[in-house]
Amino acid sequence: PNNHSPHVAILAGAGMGHLTPTLRLAASLLKRNCLVTLITAHPCVSDAESKLISLFLSAFPQARKEQFHIVPLDPPVEGCDPFWLQWEATRRSLQVLPSLLQSLSPPLSALVTDVTLLTPVLEFTATLKNLPKYILFISCARMFSLLASYHTFFSTTHHLPEDDYFSKAEFLETPFPGVGPFLKSSIPAALQEATNLFVSIFKEDGKKVSSFDGVFINTFDRLEPELVGNGAKLFDGRVMPPLITVRLSPCDFERGAGSSKLGWLDDQAPGSVVYVSFGSRIAIKKERIREIGEGLVRCGYPFLWVVKDKIVDKEDTALLEDVIGDELMEKVKSKGLVVKEWVDQGGILGHKAVGGFVNHSGWNSVTEAAWCGMRVLAWPADADQGINAEAVEKSGLGIWAKDWGCLAGPNSDKMVTGEEIGTKIQEMMGNDLLRLQAQQIRDEARNAFGDGGSCENAMKELIEKWKM
Ligand code: BUP
């Protein structure tokens with residue numbers, strides 16, 4: 001960095017699905033000679049988050065770190081997702097932001113904020129008039145269109161009144177240009193309950209996206225052709241911020257966070273292994289975990305299976321045997337590798353032995369699969385995952401087990417047997433067309449993000465603009 005290096009502050013949000021792409025963006029800016037100040041909340045919800053921040057800071061000693069203290073919600077809210085609570089508590093703890101940002105030297109060229117913090121960030125930076133502000137959107141562009149248009153769903157001139165809007169419609173038409181209707185079942189469950197805390201955040205923040213100068217988003221044309229490059233310029237009488245597509249794929253500093261099971265993978269035949277992981281924060285019921293195990297035993301392919309049955313890793317203390325049961329444990333041991341720990345997903349997806357990925361379609365996982373040309377069997381739980389699964393299916397990256405309902409969460413009562421799971425995995429692993437499509441997607445991703453590609457050029461231009 002020199003005098004002409006832009007200085008970018010990045011405000012991180014809670015949860016590995018948010019922190020991981022945030023640190024990848026920070027790493028990418030540092031590698032492009034920007035000065036970066038990372039702003040994080042203290043304390044983090046999970047151990048995985050604290051560990052990743054430390055790994056990042058050791059790998060990039062030139063990065064600056066600022067932290068602010070979370071003021072816990074008063075009165076405390078019981079029984080709510082701890083990551084949502086952290087988002088809400090963070091929103092209420094950002095009064096420190098103006099003085100913190102003003103104290104940074106050299107003066108900031110830009111601020112990038114996690115998508116969960118939009119309204120308070122605008123409020124607390126209102127005095128910093130000339131500071132360009134960007135959103136880091138950690139999901140797909142289609143989900144962004146839902147955020148930007150969500151408040152208009154309830155408009156009484158065109159739609160049903162709020163209370164029965166979701167109970168009456170199968171599809172939700174969005175007025176957002178270029179975006180087809182949403183399947184009601186793909187819309188996050190929380191956004192279908194008029195009184196949910198998340199609804200008010202989403203409505204309030206959705207109206208504000210147009211106050212930002214741009215949206216960093218990890219997607220590319222082949223995954224979402226109807227949105228990337230054709231992003232709406234105008235919507236609801238507002239000028240929409242441009243979508244800045246960025247490649248946020250696994251970085252070297254993440255490697256130390258978990259094992260990549262290299263020894264075991266090296267012994268497996270190329271393309272033979274099914275990798276199974278449902279992200280960092282989905283608690284799956286024991287009965288379902290056991291059916292998944294039965295399915296893996298039946299599918300006939302070796303597998304690497306990451307088991308998780310608690311939302312927050314600090315509470316995930318049960319022994320693997322107790323979660324899946326001794327009998328199943330014996331069966332799975334002879335056919336695959338089952339672990340209950342953080343793994344190096346980037347390393348695993350890039351290993352030549354791995355031939356398919358069964359996952360919940362968290363957007364980071366989907367884009368990591370796309371980057372590695374790995375076919376996917378999507379079994380979404382909730383949140384944005386149904387909308388992400390639509391992109392998996394439409395782009396040809398994978399198949400979506402739609403008739404299984406939700407993997408976990410409020411609408412996950414449907415019984416899915418081990419036999420069904422095993423058959424569906426065989427369907428994915430035996431599908432050569434899918435394998436080729438996934439490889440094509442990888443090649444197109446590399447073109448878009450490679451030197452001279454459209455995304456790379458846009459990023460260079462932006463950094464030049466920050467220097468002015
Ligand atoms: Br679990 C696990 N190792 O063992 P998603 C996850 N990851 O590297 P989520 C590991 O965490 P949200 C593990 O590669 C991805 O980058 C994985 O993000 C990494 O799902 C990230 O896929 C998980 O978006 O977050 O965790 O459900 O709810 O925000 O989508």
Side-chain angles (χ1 to χ4, degrees), residues 12-25 27 45-49 51-53 55-56 81-84 86-87 114-116 136-140 143 147 188-190 198 217-219 247-261 275-284 289 304-313 316 320 337-351 354 357-372 374 376 378-389 391-392 397-398 406-409:
M16 289 300 273
H18 290 245
L19 183 66
T20 307
T22 302
L23 297 181
R24 289 176 186 171
L25 177 66
V45 179
S46 62
D47 288 339
E49 291 165 88
K51 184 165 181 188
L52 197 67
I53 293 172
L55 285 169
F56 169 82
D81 180 311
F83 292 96
W84 289 13
Q86 180 88 342
W87 295 348
D114 180 80
V115 63
T116 54
L136 172 58
F137 196 73
I138 47 77
S139 183
C140 59
M143 186 68 192
L147 170 66
F198 202 48
I217 187 160
N218 183 15
T219 191
R247 174 194 156 192
L248 301 175
S249 53
C251 298
D252 288 346
F253 74 86
E254 298 169 44
R255 288 272 147 91
S259 154
S260 57
K261 305 293 166 195
Y275 169 53
V276 186
S277 171
F278 300 107
S280 65
R281 43 165 305 187
I282 294 178
I284 304 182
I289 291 179
L304 171 49
W305 178 26
V306 184
V307 173
K308 219 178 143 14
D309 72 336
K310 289 279 187 300
I311 294 179
V312 180
D313 55 7
D316 207 349
L320 180 59
L337 193 60
V338 49
V339 297
K340 198 163 166 290
E341 63 187 49
W342 192 261
V343 297
D344 168 19
Q345 181 160 303
I348 292 169
L349 287 173
H351 195 285
V354 180
F357 183 15
V358 181
N359 89 318
H360 66 310
S361 56
W363 191 245
N364 295 297
S365 294
V366 170
T367 52
E368 287 157 18
W371 186 252
C372 293
M374 184 62 60
V376 165
W379 190 357
D382 190 16
D384 58 338
Q385 295 148 22
I387 290 172
N388 302 342
V392 167
L397 181 66
C406 297
L407 167 72

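The chain is numbered in sequence order, starting from 1. Here the structure is a predicted model, which is why all the values come from computation and not from measurement. Whatever order the structure lists them in is the order used to number ligands and atoms, beginning at 1.
Residue-level contacts of ligand 1 at the 4.0 Å heavy-atom threshold are G17, H18, T20, R24, S277, G279, S280, R281, W342, V343, Q345, H360, G362, W363, N364, S365, E368.
Classification of the Y275-F357 ring pair by plane angle, with boundaries at 30° and 60°, yields parallel. Ring geometry for F253 against F56 counts as perpendicular: the plane angle is over 60°, on a 0 to 90° scale with 30° as the lower cut.
D313 contributes atom CG, which lies 12.0 Å from atom CZ of R281 (distance to the nearest 0.5 angstrom).
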Check your understanding: Can T20 and N364 be said to form a side chain to side chain donor-acceptor pair (under 3.5 Å), step by step?
Key -> CA-CA 8 Å; T20 307; N364 295 297; 5.8 Å; no
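Counting heavy atoms from C-beta on, the side chains of S365 and N359 come closer than 4.5 Å.
For D309, there are no salt bridge (charged side-chain N to carboxylate O under 4.0 Å, His left out) partners two or more places apart in sequence or in a different chain.
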